[in-house]
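Predicted, not measured: the structure shown is a model, and the values here were computed from it. Residues: numbered from 1 along the sequence shown.
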Amino acid sequence: MVKAITDKTFAQETDHGVVLTDFWATWCGPCRMQSPVVEALENEDKTVKFTKMDVDENPQTPQSFGIMAIPTLIIKKDGEVVDKLVGYHSKEQLQETLAKYK
C-alpha cells in the first residue's frame, strides 16, 4: 500500500533517496487510473519510495510546487525535485523515468 503523506510529513518523507509522490484527489478519474500503476510499481521496485498526497486535504504542498492539474507525479532525489509528470503515465513510462534517477 502506497503511503499517504500530508503537508506536515511531506518534507521528512521525501528527503532521502528516490521518492515518487502521486498528487491526486478522490473525484479525479485519471487519478483512479494512475493509483494502481503506482501501487504495482511499489510492489516491484524496492529502490524507490512511493507516496501519495490528497490535494484536497493537503493544499499547501501542491501549491508550493505549482501543481495545477492532477494526477501529477513528482520525483525527488535526496530532497531535490528531479522530475514532474502531469497526467496519466503507464507503468512502462514510469519505470523508464525512474531508471534515470537510481
Side-chain angles (χ1 to χ4, degrees):
M1 180 97 178
V2 175
K3 184 172 188 172
I5 59 175
T6 65
D7 285 333
K8 288 181 181 170
T9 63
F10 179 79
Q12 73 184 44
E13 292 286 351
T14 64
D15 64 354
H16 296 296
V18 178
V19 184
L20 180 146
T21 302
D22 178 9
F23 291 87
W24 68 287
T26 55
W27 49 263
C28 168
C31 298
R32 288 195 300 271
M33 292 169 46
Q34 189 67 72
S35 290
V37 174
V38 173
E39 287 174 15
L41 283 172
E42 181 191 39
N43 290 331
E44 293 174 18
D45 189 344
K46 300 305 179 193
T47 64
V48 176
K49 181 176 183 179
F50 294 90
T51 61
K52 63 183 179 179
M53 180 178 285
D54 185 324
V55 298
D56 290 333
E57 293 178 8
N58 302 281
Q60 293 173 335
T61 304
Q63 185 177 19
S64 73
F65 286 106
I67 294 174
M68 304 297 285
I70 53 174
T72 292
L73 306 172
I74 287 185
I75 301 168
K76 290 176 78 178
K77 183 171 184 175
D78 297 326
E80 298 295 320
V81 174
V82 293
D83 218 330
K84 183 176 176 181
L85 309 168
V86 179
Y88 172 82
H89 288 76
S90 70
K91 182 177 171 184
E92 293 76 21
Q93 289 171 315
L94 293 180
Q95 286 171 321
E96 187 175 307
T97 301
L98 288 167
K100 296 184 229 174
Y101 305 111
K102 294 183 192 179

| message | Just verifying a value: how many Å separate Met53 CE and Asn58 CG, rounded to the nearest 0.5 Å? | response | 5.0 Å
| Are the side chains of Gln95 and Leu41 in touch, meaning some heavy atoms are under 4.5 Å apart? | yes
| message | If I compare all heavy atoms of Val18 with all of Tyr101, which pair ends up nearest, and what's the gap? | response | CG2-O, 3.2 Å
| query | Cluster question for you: counting only ILVMFWY and a side-chain heavy-atom cut-off of under 4.5 Å, with indirect links fine, are Val55 and Phe10 together? | reply | yes
| remark: Value for NE2 (His16) from OG1 (Thr14), rounded to nearest 0.5 Å, stands at 9.5 Å
| query | Going from NZ on Lys102 to OG1 on Thr47, what distance comes out if it is rounded to the nearest 0.5 angstrom? | reply | 3.5 Å
| message | Would a single hydrophobic cluster contain both Val86 and Phe50, if residues Ile, Leu, Val, Met, Phe, Trp and Tyr are joined by side-chain heavy-atom contacts under 4.5 Å? | response | no
| Does Met1 offer a backbone N or O that forms a donor-acceptor pair with the side chain of Glu39 under 3.5 Å? | no
| Qualifying salt bridge (Lys or Arg N to Asp or Glu O under 4.0 Å) pairs with a residue from residues 71-99, counting only residues at least two apart or across chains | Glu44-Lys91
| query | Where is the tightest heavy-atom contact between Pro36 and Met33, given as atom of each residue plus distance? | reply | CD-O, 3.3 Å
| query | Parallel under 30°, tilted from 30 to 60°, perpendicular over 60°: which one fits the rings of Phe65 and Phe23? | reply | tilted
| said: Please report the interatomic distance CD1(Ile75) to CG(Leu98), rounded to the nearest 0.5 Å. | reply: 4.5 Å
| Option among Asp7, Ile70, Thr72 that satisfies the side-chain contact (heavy atoms from CB on, under 4.5 Å) test with Pro62 | Asp7
| Any side-chain heavy-atom pair of Trp24 and Asp54 under 4.5 Å | yes
| Validation row: Val2, Ser35 side chains within 4.5 angstrom (heavy atoms) | no
| request: Give a yes or no on whether Val48 and Val82 share a hydrophobic cluster (residues Ile, Leu, Val, Met, Phe, Trp, Tyr; joining criterion: side-chain heavy atoms under 4.5 Å apart). | output: yes
| query | Mind checking whether Ile67 and Ile74 have side chains closer than 4.5 Å, heavy atoms only? | reply | yes
| said: Using a strict threshold of under 4.0 Å (side-chain N to carboxylate O), is an ion pair present between Lys3 and Glu42? | reply: no
| Nearest atoms (heavy-atom pairs only) where Cys31 meets Pro71 | SG-N, 3.6 Å
| Does atom CD of Gln60 have more than 12 heavy-atom neighbours from other groups under 6.0 Å away? | no
| note | Closest heavy-atom pair, Ser90 versus Val37, reported as atoms and distance to 0.1 Å, is C-CG1, 4.0 Å
| message | Can a donor-acceptor pair be found, under 3.5 Å and without considering hydrogens, that links the side chain of Thr97 to the backbone of Leu94? | response | no
| message | For a quick test of reading the model, state the closest non-hydrogen atom pair linking Tyr88 to Gln93 and the distance between them. | response | O-OE1, 4.4 Å
